[in-house]
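Encoded as C-alpha cells, the structure appears first; notes follow it.
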Amino acid sequence: MPNILFNLLKGSNLNVVTRFAPSPTGHLHIGGARTAIFNYLFAKKHSGKYLVRIEDTDKNRSSEEAIKAIHKGLNWLNVNSEHDVIYQSQNFNSHIKVAHELLEKGHAYKCYLNSDELEKLRKKSRENGIPIKSPWRNKKELYDNKNREFVIRLKMPSDGTTTIDDIVQGKVTVKNEILDDMVILRSDNTPTYMLSSVVDDNDMRITHVIRGDDHFNNAFRQIQIIKFLNWNIPYYAHIPLIHGTDGAKLSKRHGATSLFDYHDLGYTSDAMFSYLLQLGWTAKNYEVFCIDKAAKLFALENVSKSPAKFDIKKLNNINAKNLKSMKTSDIYKLVIDRFKLSLNNEEQKRFKSLLPELLKRVQVYTDLEFEFDWLFQKNFFCKDKNYQLILQKNNLMLKEIGSQLKACEWSVDNIKHILNQYIQDKSLTFKDIGPILRMALTGKTNSPDLISIIYELGCTITVNRLNYKY
RNA sequence: GGUCCCUUCGUCUAAUGGUUAGGACUCAGCCCUUUCACGGCUGCAAUAGGGGUUCGAAUCCCCUAGGGAUCACCA
C-alpha cells in the first residue's frame, strides 16, 4: 500500500476520536499512563478528540478513590481530557439493550450453567484446548428454566477466520473456532466489560482504539459484536506492554508502578511524559522532550512491536536533563511547595541564585532536601565528627579569613581577591583552604563553587560559621 | 497446554536487500576544575541459533530456541 494512502487510512483524513479507558481499581499504572499519552498524542496529531472513559462495570472492584487517583495522575501528566469524562456504569441501560438485541437476533443465547457445571466445562476446555461454548448454545429455552439464573453469552461464529489489521501489530488472522462464547450480560443483569466497551466505543464514535497489547486477544472477540450489529469497526493499535528488568510484565516487585509515585519521588511531569513516550516510540533517533513537539511528530506506525523494559537509569537521566532545562522560577516553586518551605526575602534570593548550580547535582529535585540545612539553618554548624576535628585544627585560619571577609565590601570580586591574597601570603594553594572552608560553611566536602556560596550566604552568616567554636 | 505476539550492544532504539551495523542511557578512561557536579572527548559492547532465497541478508522465507500476553459472571 502506498504510504500516503496508508496514512490516510490510519487517521489523517478522519475526525479522529481516541479514548483512554482505565478501570478504577487502583492507582494509575505507568503502563496505563503511557497508553493515555499515546491516545492523547494521536488525537492531537490529527486534530481530533481525546476522551477519558472510566470503565467501572465491576462495581465491587471500582472505587471513588481510584477514580480520583486516576485523574490526579492524568492531570499531573497533562493528558487529561478537555471533554467530559464518561462513566461506563452510566450507560448500563444502553449496554443491556444491546445484549437483548443480540439475543433477539439469535447472535447470543441464555446460558443456565451453574458454577459447578461451569467449572467442569472450563477445566475440560483447558485440557482439550477448545474454547468455552455452553451446551445451552444449541438448546431451546426450557419452560422450567424461567426462574433460574442465567447469563447471556455471545454465539461466536464457529467457522471462518477473523483478521485485524492492527496499526502496531500488523495483520493478524485467527480461526473463529478458537473464539469462546463470552458472557456479555451477567446473571445480575449487569453488562461485562466485553460488551460495554464495544457499545461505548460505538456510542462515542471512537475511530481508533489504542490500548495495551494485553487486549489484543479481546479484539477478535469484541469485533464479533460489532459485526453482528453492523457497526463500524474502529482501527486498532495494540501497544506493547512495559516490562520489568526481568522481562515480565511490570509489577510491584519491580519497584514503583504507580505513576504518581514518581511525582512523590521527585520526577517532573515532563520527564515522565518524555520517558514513557520514548519507551516504545521513537521519532527516528530524534529525542523529543516536549509535549507540543511530540504531538507534531507522533505516529503510531513508529511504535515498536516488542515490549520495552522500564529502565530507571534512563528516567533519571531524562529527569536530570529536564531539571537543568527548567526555568528557575518553575522549579523553585515546585520545591517550595513540596517541602512547604517558608523563606524570608534573603533566603529566597539565596535559594534562587544557587538553585541552578544545586540542580546540576541531583537527578530528582527532592534530593535538594539534603542541602536545606546549610542553606537555611540559622545556627548552622558542621555535624560530622571527623570534619569537626579538622575544623578545630584550622581554627586560626578560619578566623583570619573570617575577619578579612568581615572588613571587605561584599562582592564576588572582593571575596575572590581576599581568598587569593590569603593563600598567597601564606604560600598555600586553594586546595589547602578550599575543603576546610567548605566544611565550615556547608558541613560537607562537596558543594557548588565556594566563592558563590560565600557571596550568597552573606557576610554575617559566613563570618559566624567561620568563627564557630568546635 | 491451546491461541496470538515478540527477539539488533546490559537497557531504549536507528538502519524497510549493499553502512566500518548508527545514536542515547549505563559503565570505564581522559580533559576541564577549589570539591562534588555540569560539560567536552575517547572507549567497551549487539543483529538468539540453524537452514534456505539472492551476486549480496539485521532486513525476505522455513525450522529451532528463548521471552511475553491471553485463555473469568476482572477489565
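A note on names: the letters A, B, ... follow the listed sequences, proteins ahead of strands, and every chain is numbered from 1. Model, not experiment: these values are computed from the prediction. The figures here come from the full heavy-atom set of this structure, side chains too, leaving out hydrogens, waters and symmetry mates.
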Nearest-nucleotide wise, let me know which of A:E127 and A:M194 is further upstream toward the 5' end of RNA chain B. A:E127
Can you check whether A:R221 has a side-chain N or O nearer than 4.0 Å to OP1 or OP2 of B:U70? no
Rounded off to whole Å, could you give me the NZ-to-C1' distance for the A:K305 and B:C4 pair? 12 Å
Which comes earlier along RNA chain B counting from the 5' end, the contact point of A:Q169 or that of A:G247, where each point is its nearest nucleotide? A:Q169
May I have the distance from A:R126 (atom CZ) to B:A72 (atom C1'), rounded to whole angstrom? 11 Å
With under 30° as parallel and over 60° as perpendicular, where do the rings of A:Y470 and A:Y468 fit, or are they tilted in between? tilted
Should B:C38 be called syn or anti, with syn set as within 90° of 0? syn
What's the closest nucleotide to the side chain of A:K314 if the choices are B:A75, B:C5, B:A24? B:A24
Would you indicate which nucleotide in B:A75, B:C25, B:C73 comes nearest to any side-chain atom of A:K321? B:C25
How would you label the contact of A:P448 with the nucleic acid (heavy atoms, under 4.0 Å): base, sugar-phosphate, or nothing? base
Is the shortest side-chain N/O distance from A:K249 to OP1 or OP2 of B:U70 below 4.0 Å? yes
Whole-Å gap separating P (B:C12) and CG (A:N316): 16 Å
At 4.0 Å (heavy atoms only), tell me whether A:R211 reaches a base, stays on the sugar-phosphate, or touches nothing. nothing
If I pick the P atom on B:G22 and the same atom on B:A45, what distance separates them, to the nearest angstrom? 12 Å
Inter-nucleotide C1' distance (B:A28, B:G68), Å rounded: 34 Å
Nearest to the A:D311 side chain among B:U13, B:G68, B:U11, which nucleotide is it? B:U11
For A:G434, report the nucleic acid contact type (base, sugar-phosphate, nothing); a contact means any heavy atom under 4.0 Å. nothing
Please determine which of A:D200, A:T190, A:T57 meets the side chain to side chain donor-acceptor pair (under 3.5 Å) test together with A:H95. A:D200
Name the closest nucleotide to the A:D213 side chain, picking from B:C5, B:A75, B:U13. B:C5
Hey, does A:T429 reach any base, or is it just sugar-phosphate, or nothing, if we go heavy atoms under 4.0 Å? nothing
Touch class at under 4.0 angstrom, heavy-atom based, for A:G280 against every strand present: sugar-phosphate
What contact category does A:H238 fall into here, base, sugar-phosphate, or nothing, at under 4.0 angstrom with non-hydrogen atoms? nothing
When we call it a touch if two heavy atoms are under 4.0 Å apart, what does A:V174 touch: a base, just sugar-phosphate, or nothing? sugar-phosphate
If you compare every side-chain N and O of A:R122 against the phosphate oxygens of B:C73 (OP1, OP2), does one of them come in below 4.0 Å? yes
Euclidean distance for P, B:G49 against B:U7 (whole angstrom): 14 Å
Considering every strand and a 4.0 Å limit on heavy-atom distances, what is the contact class for A:L437: base, sugar-phosphate, or nothing? nothing
Could you state the atom-to-atom distance from OH of A:Y193 to P of B:C73 in whole Å? 15 Å
Within the structure shown, what part of the strands sits under 4.0 Å from A:N218 by heavy-atom distance: base, sugar-phosphate, or nothing? base
Return yes if some donor-acceptor pair links the side-chain N/O of A:S62 with the main-chain N/O of A:K59 below 3.5 Å, else return no. no
Can you check whether A:K309 has a side-chain N or O nearer than 4.0 Å to OP1 or OP2 of B:U11? yes
Measure from the side chain of A:P307, starting at C-beta and using heavy atoms only, and say which of B:U35, B:C6, B:C73 lies closest. B:C6
Span that lies between the C1' atom of B:C9 and that of B:A72, in whole angstrom: 42 Å
Flag, side chain of A:K383 to backbone of A:F381, donor-acceptor distance under 3.5 Å: yes
Under a 3.5 Å cut-off for both distances, is B:C32 Watson-Crick or wobble paired, and to whom? none
Looking only at side-chain atoms of A:N217, point me to the closest of B:C36, B:U3, B:C12. B:U3
Who pairs with B:C60 - Watson-Crick or G-U, where each distance is under 3.5 Å: B:G52
Taking atom P in both B:C73 and B:A46, compute the distance separating them and give it to the nearest angstrom. 49 Å
Can you find a donor-acceptor N/O pair under 3.5 angstrom joining the side chain of A:S447 to the base of B:C36? no
Would you call A:K360 and A:E357 a salt bridge, taking side-chain N to carboxylate O under 4.0 Å as the test? yes
What's the separation between atom CD1 in A:I451 and atom CG in A:D413, rounded to the nearest 0.5 Å? 9.5 Å
If you check every side-chain atom of A:L241, which of B:C6, B:A69, B:A75 has the closest atom? B:A69
Nucleotide forming a Watson-Crick or wobble pair with B:A21, both distances under 3.5 Å: none
Euclidean distance for C1', B:C12 against B:G51 (whole angstrom): 31 Å
Would you say A:T445 reaches B:U35's phosphate, i.e. side-chain N/O to OP1/OP2 under 4.0 Å? no
Would you classify A:I178 as touching base, sugar-phosphate or nothing, given that sugar-phosphate means primed atoms plus P, OP1 and OP2, and contacts are heavy atoms under 4.0 Å? sugar-phosphate
Would you confirm whether A:Q421, through its side chain, and A:H417, through its main-chain N or O, come within 3.5 Å as a donor-acceptor pair? no
Of the candidate nucleotides B:U35, B:G68, B:C5, which contains the atom at the shortest distance from the side chain of A:H243? B:G68
Between B:C6 (C1') and A:I242 (CD1): distance, integer Å: 16 Å
Strictly distance-based, threshold 3.5 Å: is any side-chain N or O of A:R19 a donor or acceptor partner for the main-chain N or O of A:D201? no
Between B:U26 and B:C62, how far apart are the two P atoms, rounded to whole Å? 40 Å
Between the base of B:A24 and the side chain of A:N317, is there a donor-acceptor distance below 3.5 Å? no
Short side-chain N/O contact from A:K175 to OP1 or OP2 of B:G2, under 4.0 Å: no
Which of these nucleotides, B:U3, B:C12, B:C25, is closest to any side-chain atom of A:K313? B:C25
Side chain of A:K324 - closest among B:C73, B:C38, B:U35: B:C38
Complementary nucleotide for B:U3 - Watson-Crick or wobble, under 3.5 Å: B:A69
Centre of A:Y275's six-membered ring, under 6.0 Å away, within 45 degrees of the axis: is that where NZ or CZ of A:K314 sits? no
